[in-house]
Amino acid sequence: MVQAAMTRGREARDSGGFQQHKLAPYAFISPFYVLFGFFFLAPSLIALVLSLFRWDGINDPRFVLARNYGRLLSDKVFAQAATNTAIYAIASLLIVLPLALVLAVLLNAKSLRFSNVWRAMYFTPVVTSTVAITLVFQILYNQDTGLLNAPLIYLGLEPIYWLGDRSWIKVAIIILIVWRSTGLLSIYFLAGLQSIPEELYEAASIDGASVLQKFFRITIPMLRPIILFVSIIVLLSSIQIFDEIHILTHGTGGPANASMSVVQYLYERGYSRLRLGFASAVGTVLFATVFILSLLQLQWYGVFRKED
Amino acid sequence: MRRILMIVTLLLACGLLWAALPAAAQDASEVTLTMWTHDGLYVQFFSARAEEWQERYPDVDFTFEFEVVPSVFDKVLGNLAAGEEIPDLLGIEQGSFPRFMQGGIIESKFLDLTDLLADDYDLIVEGRHTPYKYQGRVYGVDSSLCAVVYYYQPSIFEERGLSVPTTWDEYLETGAALAEEGIAMSYITDHGGMFMMYLLQRGGAIFDDHGEFVLPEEENRTIAIEVLNLLREGLESGAIRYVPSAEVWGPAIINAYREGNLVGAIMPDWYSDYILKPQAEDMAEQFRIGRMPVWEDGDGHKTSVWGGTGFAVAKESENAQYAWELLQYTYVTLENQIKRYEEIAYYPTMAAAFHDDRIVGLSDPFYAGQKTGEVFAEIVDDVPIWYQSLFRRTFELQMAAELAVFFDGSVTADEAIDNIVQYMEDEIAFAE
């Protein structure tokens with residue numbers, strides 16, 4: 001009888017222990033999910049609900065169903081902001097990504113002297129305040145006194161209206177994005193490059209592979225996960241671009257909104273005009289776009305493909 | 001034991017009462033007045049006046065917390081949304097006033113000053129009340145006349161035997177002559193407020209006193225097209241230079257003055273001490289102030305207006321009465337309007353101040369001793385009246401976009417106005 005009671009007690013204890021054992025990992029990872037729930041999930045859901053209302057943030061909200069979405073899709077300024085943002089995203093993917101990779105390969109070269117100094121230099125834009133960088137670029141882009149126009153003026157050519165011309169302002173912003181992002185992304189690539197086993201290159205060299213062959217047959221395939229990560233980062237950051245453009249154009253969105261990004265559009269509608277419901281609709285559309293594009297990117301890189 | 005407990009309780013109660021009494025007395029005599037603004041000159045002027053004003057209340061110990069707050073309107077609206085306190089006095093820049101009109105925020109959170117101004121209302125020019133009116137009631141007292149004049153370098157005209165133009169026709173003619181040497185008379189940018197400045201001078205209106213969009217009305221539409229065509233003519237001849245809005249307040253303009261390829265600017269009174277003097281200190285004595293050119297046919301006004309900051313009083317503040325009295329003392333007395341000009345160079349909004357020798361007789365060394373107040377005295381009676389609207393910012397931003405495509409020749413004046421009217425009508429319909 002005593003033996004039976006002891007057995008039951010052990011079973012109960014074991015079963016409780018098993019429960020504890022099962023819950024422990026969740027308890028350890030819970031801080032992230034709690035914070036995620038409070039600061040991302042809940043606000044996102046609230047924004048989704050809010051997008052169906054008209055609300056100035058102070059008075060009572062008024063239910064308007066899908067009117068915010070209707071206006072958003074018919075607003076030519078939103079269409080322009082979306083086009084501008086797409087241009088920034090495509091330019092970033094096509095320019096920043098390859099440039100960062102090339103830079104990382106160069107920084108990884110064994111023959112490179114003072115490599116740490118170069119790496120620190122390319123990383124500097126990341127640790128410098130966006131405001132400071134943008135103000136410096138504002139001076140560089142100045143039509144009459146800017147450094148970029150100085151050679152043109154010296155040669156007697158027409159200076160470029162970097163910030164005043166509807167086409168050039170996009171170029172000006174892409175240059176700023178390239179300068180600011182390339183360094184950080186090259187550090188990611190550098191980390192990836194340093195994890196590629198040296199033996200692979202040695203074996204390829206013995207087989208007579210050229211530098212380009214090694215790059216395309218070893219480096220690129222081995223960096224695939226990093227390229228995926230970096231391309232998602234580039235896409236997300238370029239779609240969410242705001243502060244650089246906002247400061248560079250004094251919050252105006254450039255001539256004829258030529259440089260306005262979707263987030264700048266959201267900010268202007270939400271905070272300047274106090275249309276928080278409408279801004280929530282913009283945010284929801286932006287979230288859906290980013291989510292779908294990220295899924296497409298993952299699909300393209302074969303993340304969802306089942307391994308044989 | 002019970003007796004001891006009773007004694008302790010009584011002692012505690014007496015102690016609390018003793019502690020509370022002096023605190024209550026102290027609270028009654030200690031008042032902290034807060035003020036937020038975007039401009040340090042207002043802090044300077046209000047601080048000086050507050051020191052004088054507090055002498056009216058010898059029994060009250062005032063503390064003045066006046067400060068420049070970055071993104072002040074975002075912060076105040078954020079505080080209101082969160083149910084937090086807002087300052088007793090708030091300087092609302094007129095461009096941001098429509099944000100406070102949204103959902104009647106201005107009416108529910110700020111003091112209606114109309115009756116408080118009482119007889120003083122008529123002392124201030126009407127055009128300086130309307131930017132702070134909501135449903136016919138006044139919620140702010142303006143800081144400056146904001147009348148528009150022509151800042152110019154006389155030497156550029158004198159060297160060529162040209163005279164300072166007084167009409168737009170003369171302006172374009174003189175400008176065309178100077179343009180042959182690569183010199184522009186003034187500049188324009190794709191800013192909705194700047195367009196409004198030229199439109200108001202011609203007698204046009206964008207919104208009426210009920211905040212209704214009246215630009216599509218025939219008279220206003222005609223005026224808007226005339227104004228755009230005037231600007232187009234100036235741009236094409238080189239008399240007027242286009243400057244990107246991102247560069248309009250920066251060093252590019254000042255360098256152009258220095259190099260002698262830009263004569264000056266058509267700008268409001270605040271341009272002098274807020275922009276020109278601080279950035280072009282080395283150009284002292286090279287500038288003068290003249291009247292804005294007028295339209296040849298005599299229609300319209302002698303001047304225009306752009307800008308302004310109206311001070312409002314928080315309705316729910318327990319110090320609202322003190323805040324209003326300080327505002328009244330600082331901005332609604334003739335003496336202090338004159339002091340404001342003397343100390344921070346913002347022109348009085350009271351027409352009577354322009355009869356005072358301290359305004360019209362004051363020589364400004366930056367303008368080579370010119371009595372600049374005389375120029376403003378000639379135009380103070382003709383400051384255009386304009387009205388706010390919930391859709392003002394929408395208009396200004398979209399007009400800026402239309403101006404950019406108009407200035408580069410992509411659309412005609414008629415098309416630019418049609419486009420803005422269409423956009424505004426869509427926005428207004430959406431908001432209904």
Side-chain angles (χ1 to χ4, degrees), chain A residues 54-62 64 67-68 70-72 74-77 80 134-135 137-139 141-146 149 159 161-169 172 245 247-260 265 267-276 278, chain B residues 71 73-74 77-83 95-96 98-105 108-109 189-192 242-256 259 261-262 390-391 393-394 396-398 400-408 410-411 419 422-423 426-427 429-431:
Chain A
R54 176 164 297 153
W55 190 43
D56 58 24
I58 293 165
N59 297 293
D60 292 338
R62 184 159 63 91
V64 291
R67 271 192 88 185
N68 288 331
R71 176 64 189 140
L72 178 64
S74 67
D75 187 359
K76 64 178 182 180
V77 181
Q80 192 168 12
T134 313
L135 289 176
F137 269 80
Q138 213 168 45
I139 297 167
Y141 287 140
N142 189 284
Q143 191 204 346
D144 297 317
T145 55
N149 274 346
Y161 257 152
W162 289 101
L163 302 176
D165 183 278
R166 284 188 276 157
S167 302
W168 281 109
I169 194 163
I245 302 174
I247 300 167
L248 206 59
T249 63
H250 292 267
T252 62
N257 300 319
S259 64
M260 181 180 274
Y265 176 87
Y267 175 84
E268 202 281 318
R269 262 55 178 181
Y271 291 96
S272 300
R273 301 190 197 176
L274 290 183
R275 291 182 181 174
L276 298 184
F278 184 78
Chain B
S71 305
F73 311 118
D74 293 340
L77 290 166
N79 279 14
L80 287 172
S96 291
R99 297 175 71 184
F100 292 86
M101 293 166 78
Q102 189 89 28
I105 296 168
S108 59
K109 303 293 178 185
T189 190
D190 47 335
H191 191 298
Y242 169 71
V243 177
S245 55
E247 293 182 7
V248 86
W249 307 116
I253 299 295
I254 307 298
N255 283 334
E259 287 164 11
N261 61 48
L262 183 62
L390 205 55
F391 298 98
R393 186 161 172 81
T394 305
E396 286 202 348
L397 287 176
Q398 197 53 33
E402 298 301 338
L403 284 175
V405 289
F406 171 72
F407 289 156
D408 71 15
S410 303
V411 294
N419 290 344
Q422 181 62 56
Y423 188 85
D426 288 348
E427 280 285 295
F430 167 65

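Keep in mind that what you see is a predicted model, and the values were worked out from it rather than measured. A note on names: the letters A, B, ... follow the listed sequences, proteins ahead of strands, and every chain is numbered from 1.
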Interatomic distance, CG@B/L397 vs CE@A/M260, rounded to 0.5 Å, equals 6.5 Å
Those residues at least two apart in sequence (or on a different chain) that pass salt bridge (charged side-chain N to carboxylate O under 4.0 Å, His left out) with B/D426 are none
Interface check, chain B: of A/T249, A/N68, A/I139, most non-hydrogen pairs under 4.5 Å belong to A/N68
Item to check | Audit row: B/Q398, A/N257, side-chain contact (heavy atoms from CB on, under 4.5 Å) steps and yes/no | outcome: CA-CA 9 Å; B/Q398 197 53 33; A/N257 300 319; 4.0 Å; yes
Smallest heavy-atom separation, B/V405 atom then A/A256 atom, equals CG1-CB, 3.9 Å
Applying a strict 4.5 Å limit to non-hydrogen atoms, the region of B/F391 in contact with chain A is side chain
Heavy atoms of B/P244 and A/Y161 approach each other most closely as CD-CE2, 3.8 Å
A/N149 meets the side chain to side chain contact (heavy atoms under 4.5 Å, CB included) criterion, sequence neighbours left out, with A/Q143, A/L152, A/I153, A/P159, A/I160, A/W162
query: Does any N or O in the side chain of A/R273 come within less than 3.5 Å of the main-chain N or O of B/P98, such that one atom is a donor and the other an acceptor?
result: no
Interatomic distance, CZ@A/R275 vs CD@B/E427, rounded to 0.5 Å, equals 4.5 Å
Ranking B/D74, B/T394, B/V243 by heavy-atom pairs under 4.5 Å to chain A gives rank one to B/T394
### Message
Does this structure show an ion pair linking A/K76 with B/E402, if we count only N-O contacts that are shorter than 4.0 Å?
### Response
yes
A/P255 and B/D190 have their tightest heavy-atom pair at CA-OD2, 3.4 Å
| query | What do the steps show when you test A/D75 against B/F430 for side-chain contact (heavy atoms from CB on, under 4.5 Å), and what is the final call? | reply | CA-CA 11 Å; A/D75 187 359; B/F430 167 65; over 6 Å; no
Among A/L248, A/D165, A/I169, A/N59, the residue with the most heavy-atom pairs under 4.5 Å to chain B is A/N59
Whatever's closer than 4.5 Å to a heavy atom in chain B on A/Y141 counts as backbone
Answer key: most heavy-atom pairs under 4.5 Å with chain B among A/L163, A/V64, A/N142 is A/N142
Bottom line for B/F73: the part with an atom under 4.5 Å from chain A's heavy atoms is neither
Honestly, the part of B/S410 sitting under 4.5 Å from a heavy atom of chain A is side chain
Okay, B/A82 and chain A: the region with an atom under 4.5 Å from a heavy atom over there is neither
Closest non-hydrogen contact found for A/S272 with B/R393 is CB-NE, 3.1 Å
Separation between CG (B/L77) and CG (A/L274), nearest 0.5 Å, reads 5.0 Å
